[in-house]
Amino acid sequence: MITTIAGHELRLLVRQRTFLAMLGVLGVMTALAGVLGWSSHRTIVQVYDQAVILLASQGKPAPPNPFTLKPSLSLLSNMVVYIPLIGALLALIVGHHALADDQTGGVGRLVFSRPLDRRIYVAGKVAAATAVLGAVMVASFAISAAALLIVNRRIGTGDLSRLAGFFIVSWLYLVVFALIGMVAVIINRRNSLGLLTATGAWLVITFIVPQFTSGLTPSASLNPTTAPASTSQAFFRATARVRPYSIAEQYKEASAHILATSQSTESVWHTALRISPIVGAVLVLTIALVVLIDRHDYSRSATNE
C-alpha cells in the first residue's frame with residue numbers, strides 16, 4: 001500500500017509538472033553556480049597570466065597561481081545559498097501539494113472510508129516527496145560533477161565523495177521543508193493559508209532565527225562565511241546559545257566543511273553533530289505529521305480559498 005500511494009503521488013506531481021518545475025529550477029541554479037565559478041576561474045587565470053608576463057619583463061619571479069590555492073569545490077559555494085533560499089521554497093510546494101489535493105478534492109474522505117491505516121498513508125506521501133527531492137539532488141549532483149570536470153579539467157574521488165556528502169545533507173534539509181509543507185496543510189482549513197503558514201516558517205528558519213542567534217544582518221544570514229556583525233551585546237550572547245539548534249546555520253556551516261570551502265577546520269565528528277539538528281527536525285516533524293493526520297477529520301474537506 002505504501003508503494004501504491006507513493007506511486008500515485010509521484011504520478012500526480014509529474015502530471016501537475018511540479019516535479020519538472022523543481023528539477024528545472026534547481027538544475028538551472030546548479031548550472032548557474034558552475035557558470036559563475038567558471039567565470040571567476042577564467043578571470044583569475046587571465047589576470048595571473050598578465051601578471052606573469054609583466055613580472056617576467058621586469059625580471060621578477062612570478063607568485064604561485066592563486067587558483068591553485070583555492071579549494072577545488074569552491075566554484076560550487078553558491079549552492080550553499082541557493083538550496084536554503086530557492087530549494088527550500090520548492091520543497092514546501094512539493095509537501096503542500098502532497099496533501100492539499102486530497103483535502104480539497106475529497107480524496108482523503110473517500111480513502112479513509114475504507115479500513116486503511118493512516119500511518120501507511122503518511123508513509124506513502126512522505127516517500128513520494130522524499131523521492132522527488134532525492135531525484136532532484138541526483139540531477140544537481142550530476143550537473144555539479146560535470147561543471148567541476150569542465151572547469152578543473154579533472155575530478156578526483158575525494159571531490160566526488162565530498163560532493164555526494166553535500167547533496168545528501170542538502171536532501172535532508174529539503175525534506176524538513178517538505179514535511180513543514182505537509183504539516184501546514186493539516187493544521188489549516190484553507191489551502192492558501194496552509195501555504196502561507198509554511199512560507200512563514202521558511203522565513204523564520206532562514207532569516208529570523210539566524211539574525212537572533214548570530215547577530216547577522218538579513219543579507220549576511222545568507223553568507224556562510226560572514227562573521228557575526230556583533231556578538232558583544234548581552235542580548236546576542238544570550239541568543240547565541242540557541243545557535244546549535246538553528247538548522248539553517250548548521251546546514252550552511254556543515255556544507256562549507258563538507259565542501260572544504262570553510263576557513264576553519266573541524267573533525268568529521270563535529271560536522272556530523274552539525275547535521276544532527278536537521279535529522280532531529282525530520283524525526284520530530286514526521287512524528288507530528290503522523291499524530292496530526294491520525295486525529296484529522298477527513299469528513300470535512302478543506303477549501304481552496
Side-chain angles (χ1 to χ4, degrees), residues 6-7 9-10 13-14 17-37 72-98 125-150 155 157-182 198 202 205-206 222 224 247-248 250-261 271-272 274-279 281-283 285-286:
E9 183 60 32
L10 287 172
L13 289 172
V14 173
R17 299 180 181 176
T18 304
F19 168 68
L20 296 177
M22 184 172 188
L23 182 63
V25 170
L26 277 183
V28 170
M29 291 295 100
T30 306
L32 180 61
V35 170
L36 292 175
S72 58
L73 299 179
S74 60
L75 67 92
L76 298 175
S77 58
N78 285 332
M79 290 299 297
V80 182
V81 176
Y82 294 157
I83 288 180
L85 188 62
I86 305 298
L89 280 174
L90 295 174
L92 286 177
I93 296 173
V94 170
H96 179 267
H97 277 296
K125 293 292 185 177
V126 172
T130 55
V132 166
L133 297 176
V136 172
M137 290 296 97
V138 169
S140 296
F141 171 82
I143 296 173
S144 299
L148 286 171
L149 187 60
I150 293 172
I155 181 170
T157 55
D159 289 342
L160 286 175
S161 299
R162 287 182 176 275
L163 197 61
F166 165 69
F167 280 109
I168 289 173
V169 173
S170 299
W171 171 74
L172 279 173
Y173 187 78
L174 293 184
V175 168
V176 171
F177 288 91
L179 291 171
I180 289 174
M182 293 181 183
W202 170 79
I205 293 172
T206 306
L222 290 175
I247 64 171
Q250 297 306 313
Y251 165 77
K252 287 182 287 186
E253 293 184 10
S255 297
H257 286 288
I258 291 173
L259 294 174
T261 58
T271 302
R274 294 187 184 280
I275 300 172
S276 59
I278 302 175
V279 177
V282 171
L283 294 176
L285 287 168
T286 301

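Nothing fancy with the numbering, it's 1 onward along the sequence. From a predicted model like this one, the values you see are computed outputs, not experimental measurements. For the numbers below, each heavy atom of this structure counts, side chains included, while hydrogens, waters and symmetry mates do not.
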Under 3.5 Å, which donor-acceptor pairs link side chains of residues 133-141 to any protein atom two or more places apart or in another chain?
| unit_1 | atom_1 | unit_2 | atom_2 | d |
| --- | --- | --- | --- | --- |
| S140 | OG | T30 | OG1 | 3.3 |
| S140 | OG | V136 | O | 3.1 |

Exercise for the section: Measure the CD-CD1 distance between Q250 and I278 for me, rounded to the nearest 0.5 Å. Expected result: 8.0 Å
Problem - CE on M79 to CG on L85, rounded to 0.5 Å - result: 11.5 Å
Completion exercise
Nearest heavy-atom contact between A254 and I275 is CB-CG1, 4.1 Å
Exercise for the section: Tell me, please, which residues at least two apart from R274 pass salt bridge (Lys or Arg N to Asp or Glu O under 4.0 Å). Expected result: E253, E266
Practice task
Would you give the length of the straight line joining atom OG of S144 to atom CG of L160, rounded to the nearest 0.5 angstrom?
Solution key: 10.5 Å
Exercise for the section: Mind checking ring pair (Phe, Tyr, Trp, His ring centres under 6.0 Å) for F167 and listing every partner two or more places apart, or none if nothing turns up? Expected result: none
Handout entry: Counterpart residues, side-chain contact (heavy atoms from CB on, under 4.5 Å), relative to A127 (two or more places apart)
Key = A6
Completion exercise
Output for pair (I86 CD1, M29 CE), nearest 0.5 Å, gives 6.5 Å
Practice task
Provide the closest heavy-atom pair for L92 versus A198 in the form atom of the first, atom of the second, distance.
Solution key: CD1-O, 3.5 Å
Exercise for the section: Could you tell me the separation between the NE2 atom of H257 and the OG1 atom of T271, rounded to the nearest 0.5 Å? Expected result: 6.0 Å
Fill in the blank from the handout: residues 80-98 vs side-chain hydrogen bond (donor to acceptor under 3.5 Å, both in side chains), sequence neighbours excluded, gives none
Fill in the blank from the handout: Of all heavy-atom pairs linking P84 and T206, the shortest is O-OG1, 4.1 Å
Output a table of donor-acceptor pairs, distance under 3.5 Å, between side-chain atoms of residues 168-182 and any protein atom two or more places apart or on a different chain; print 'none' if there are none.
| unit_1 | atom_1 | unit_2 | atom_2 | d |
| --- | --- | --- | --- | --- |
| S170 | OG | F166 | O | 2.9 |
| S170 | OG | Y251 | OH | 2.8 |
| W171 | NE1 | T130 | O | 3.0 |

